[in-house]
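Notes follow the structure.
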Amino acid sequence: MKLVEISAPDFDLAMTLDSGQVFHWEECGEGFVGAIADMAVYVEQRGSVLKVRGGETPARSPRRRPLSRMVTSYFALDHPLAEICAAFPDDQIMEAARNFCRGLRIIRQPKWECLATFICSSMKQVAHIRQISQALRKRFGDARKIDNEAGGSRATWTSKPARVDEPGVESVKHVFYTFPRAQRLAQCSEKELRECALGYRARNLLATARLVSSGAADLEAWSSLSDADLRAKLCDLPGVGAKVANCVMLFAYERLRAFPIDVWIERVLRQQYFPRNKKIATEQLRTFSENYFGEHGGYAQQYLFHHARMNKNAKSRTCAAAAKK
DNA sequence: ATCCAGGTTGCCA
DNA sequence: TGGCAACATGGA
C-alpha cells in the first residue's frame with residue numbers, strides 16, 4: 001500500500017503529538033500510528049511533507065472524505081501558524097516558548113473522544129492519561145487493521161501485533177483501536193471503567209457518557225454556541241470544570257481563545273508574570289490570561305505549557321541554584 | 001519512599 | 001468569594 005504525500009509546512013508532527021493535547025498516538029518505525037475518528041492512520045514526517053496511509057474501514061461506514069483532507073483537517077494544517085505566532089504578546093517568556101515550539105499546532109479532535117479523555121486527565125500525568133486512553137480503546141473500542149511500514153523490523157510497536165493473515169507478504173498488519181463511543185461506555189459498569197485505571201474518574205466518565213449517549217448533552221449541536229454558553233454547557237457535565245472545559249473548547253471546538261489553566265500554566269503565570277505577587281488569586285490569573293494573550297490565547301497557552309513541561313528539569317535546577325545563593 | 005500529576009466537587013467560614 | 005480536604009493511581 002502506497003503512502004499519500006501531504007504538504008505540511010510549519011508543522012512538527014512529533015512535537016504536536018507529544019504536547020499533551022492528544023494521547024493515543026504511538027511511535028511506529030519512522031512515524032506514528034493512531035486513529036482519526038474511526039480510521040486507523042499511519043503518518044510520518046519528511047521535512048515539510050507528511051506521508052500517510054489509512055487503514056481498513058468497515059464496509060458499512062465508508063470514508064466520507066479523502067484521506068489527505070482528513071489528515072489536513074485533523075492536524076489543522078490550514079491554521080495560519082505564522083500569523084498566530086506573530087500575534088502572541090511581545091514578551092521574553094512568550095518569545096522563548098515560541099522559539100521552542102516551532103511547528104506545534106492545535107489539532108482538531110473529535111468532540112466526544114476529547115471530552116472523555118480530558119475527564120480522565122484530572123490529577124494525572126501525561127503518561128497515565130496515555131495508559132487510560134489505551135486501556136479504554138483496547139477494551140471497549142473497535143479494532144481497525146492497518147499496514148505497518150513494509151518490513152516493519154525497526155518498528156517499536158507497543159500495541160498488540162495482529163495475526164498476519166497471509167504469510168510471506170512484505171507488509172505487516174497491526175491493530176489499532178478506535179475510541180469507544182459514548183453509547184458503548186454508557187453501557188459499562190463503573191467497576192469495568194475502574195479496571196482501566198480510571199480511579200475516581202470512572203464515576204464522572206460514566207455519568208457524562210450517559211448524558212451524551214441519551215442526547216441530553218448534544219456535543220455536535222453545541223458547536224453553534226458562543227464561547228461562554230459552550231463553556232457553561234460543558235461545565236454542567238460531571239467531571240468537567242473550567243480547566244477541562246477549556247481544553248475541550250480548544251482541542252475539539254476550535255475555540256482558539258480558550259486558555260486552560262492547569263498546574264503547569266499556573267506555575268508559569270505566577271513565577272514568570274507575577275513573580276512579585278505571590279498572593280495573587282487564581283481568579284485574577286484567569287482574568288489576566290484572557291485579556292493579555294488575546295485572540296489566540298489557546299495557542300499561546302499550549303506553547304507555554306509544552307515549553308515549561310519539556311524544560312522542567314532545567315527550570316528546577318536553575319531555581320535550586322538560585323535558591324542556594 | 002515520597003512527591004506529584006493538563007482537577008473537580010462539596011463543605012466550611 | 002475563598003480556602004481546603006477527599007478523591008485513586010502510577011511514574012519519576
Side-chain angles (χ1 to χ4, degrees), chain A residues 15-25 97 101 104 106-107 109 113-136 139 158 189-209 211 217 231-253 255 258-271 277-287 289 293 297-317 319-320:
Chain A
M15 181 157 54
T16 297
L17 294 181
D18 190 38
S19 68
Q21 54 177 316
V22 64
F23 302 93
H24 71 272
W25 291 87
C101 297
L104 172 50
I106 304 284
I107 72 174
Q109 300 186 43
E113 174 181 325
C114 182
L115 170 63
T117 305
F118 275 95
I119 285 175
C120 299
S121 76
S122 83
M123 295 300 297
K124 279 288 180 194
Q125 295 180 348
V126 169
H128 298 158
I129 304 170
R130 285 214 167 87
Q131 292 174 8
I132 290 171
S133 168
Q134 188 184 29
L136 289 172
R139 180 139 181 198
T158 56
S189 65
E190 186 178 323
K191 180 170 175 295
E192 284 180 292
L193 293 182
R194 278 183 182 257
E195 286 166 7
C196 296
L198 279 173
Y200 65 88
R201 303 155 194 82
R203 170 190 288 274
N204 292 329
L205 181 60
L206 180 56
T208 293
L211 287 171
R231 184 176 292 113
K233 287 284 191 189
L234 289 168
C235 286
D236 274 345
L237 299 170
V240 180
K243 191 271 171 181
V244 169
N246 278 321
C247 282
V248 176
M249 289 173 68
L250 180 58
F251 301 138
Y253 284 87
R255 307 302 170 105
F259 194 100
I261 300 180
D262 71 320
V263 291
W264 289 96
I265 288 296
E266 178 153 355
R267 209 147 42 205
V268 168
L269 292 178
R270 286 182 185 282
Q271 293 179 357
N277 187 357
K278 307 254 181 219
K279 285 290 166 192
I280 188 168
T282 305
E283 182 59 19
Q284 303 207 301
L285 293 177
R286 192 188 60 74
T287 312
S289 50
F293 295 101
Y299 256 98
Q301 177 276 157
Q302 189 65 13
Y303 279 39
L304 292 172
F305 171 82
H306 187 63
H307 185 222
R309 202 169 72 87
M310 292 298 112
N311 289 285
K312 57 181 174 185
N313 294 324
K315 281 272 165 60
S316 60
R317 254 185 277 125
C319 289

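Proteins come first, then strands; the chains are lettered A, B, ... in the order of their sequence lines, and each starts at number 1.
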* Asked: Rounding to the closest angstrom, what is the interatomic distance between dG11(C) and dT8(B) at atom P?
  -> 23 Å
* Asked: Whole Å only: how far is the CG atom of Asn204(A) from the P atom of dA6(C)?
  -> 18 Å
* Asked: Cut-off 3.5 Å, side chains only: do Tyr200(A) and Ser122(A) have a donor facing an acceptor?
  -> yes
* Interatomic distance at P, dC3(B) relative to dA6(C), whole Å -> 16 Å
* Compute the centroid of each ring, for Tyr299(A) and then for Phe259(A), and state whether the two points are separated by less than 6.0 Å. => no
* For Ile132(A) and dG7(B), give me the distance from atom CD1 to atom P, rounded to whole Å. => 12 Å
* Taking only the side-chain nitrogens and oxygens of Gln125(A), find out if one of them lies under 4.0 Å from OP1 or OP2 of dC3(B). => no
* To do: Test Tyr303(A) against Phe293(A) for ring-ring contact (aromatic ring centres under 6.0 Å, His included), laying out the working first.
  => CA-CA 12 Å; Tyr303(A) 279 39; Phe293(A) 295 101; over 10 Å; no
* Asked: Can we say Arg130(A) and Asp18(A) salt-bridge, meaning some charged N sits less than 4.0 Å from an Asp/Glu carboxylate O?
  -> yes
* **Ile119(A) CD1 to dA8(C) P, straight-line distance once rounded to whole Å** => 16 Å
* To do: Scan Ser19(A) against the nucleic acid and name what it touches under 4.0 Å (heavy atoms): base, sugar-phosphate only, or nothing.
  => base
* To do: Answer yes or no: side-chain N or O of Lys124(A) and base N or O of dT9(C) forming a donor-acceptor pair under 3.5 Å.
  => yes
* Contact check, side chains of Gln302(A) and Gln21(A), non-hydrogen atoms, under 4.5 Å -> yes
* C1'-based separation of dG10(B) from dT9(C) [nearest Å] -> 22 Å
* Asked: How is Gln284(A) classified with respect to the nucleic acid when contacts are heavy atoms under 4.0 Å: base, sugar-phosphate, or nothing?
  -> nothing
* Asked: Of Ala242(A) and His128(A), whose closest DNA chain B nucleotide lies nearer the 5' terminus?
  -> His128(A)
* Can you check the Leu198(A) CG to dT8(B) P distance for me, whole Å? -> 16 Å
* Structure fact -> Met310(A) atom CE is separated from dA12(C) atom P, nearest whole Å, by 12 Å
* Which residue lies toward the 5' end of DNA chain C, Lys279(A) or Ala197(A), if each is placed at its nearest nucleotide? -> Lys279(A)
* Quick one: Tyr200(A) OH to dC7(C) C1', roughly how many Å, whole number? -> 6 Å
* Structure fact -> In whole angstroms, the gap separating C1' of dG10(C) from CZ of Arg194(A) amounts to 16 Å
* Asked: Base, sugar-phosphate alone, or nothing: which one does Gly20(A) contact when heavy atoms must sit under 4.0 Å apart?
  -> base
* Asked: Between dA5(B) and Arg267(A), is there an OP1 or OP2 to side-chain N/O distance shorter than 4.0 Å?
  -> yes
* To do: Between dA5(B), dG11(C), dT8(B), spot the one nearest the side chain of Trp264(A), thanks.
  => dA5(B)
* **Integer-rounded Å distance: dG3(C) P and Ile280(A) CD1** => 12 Å
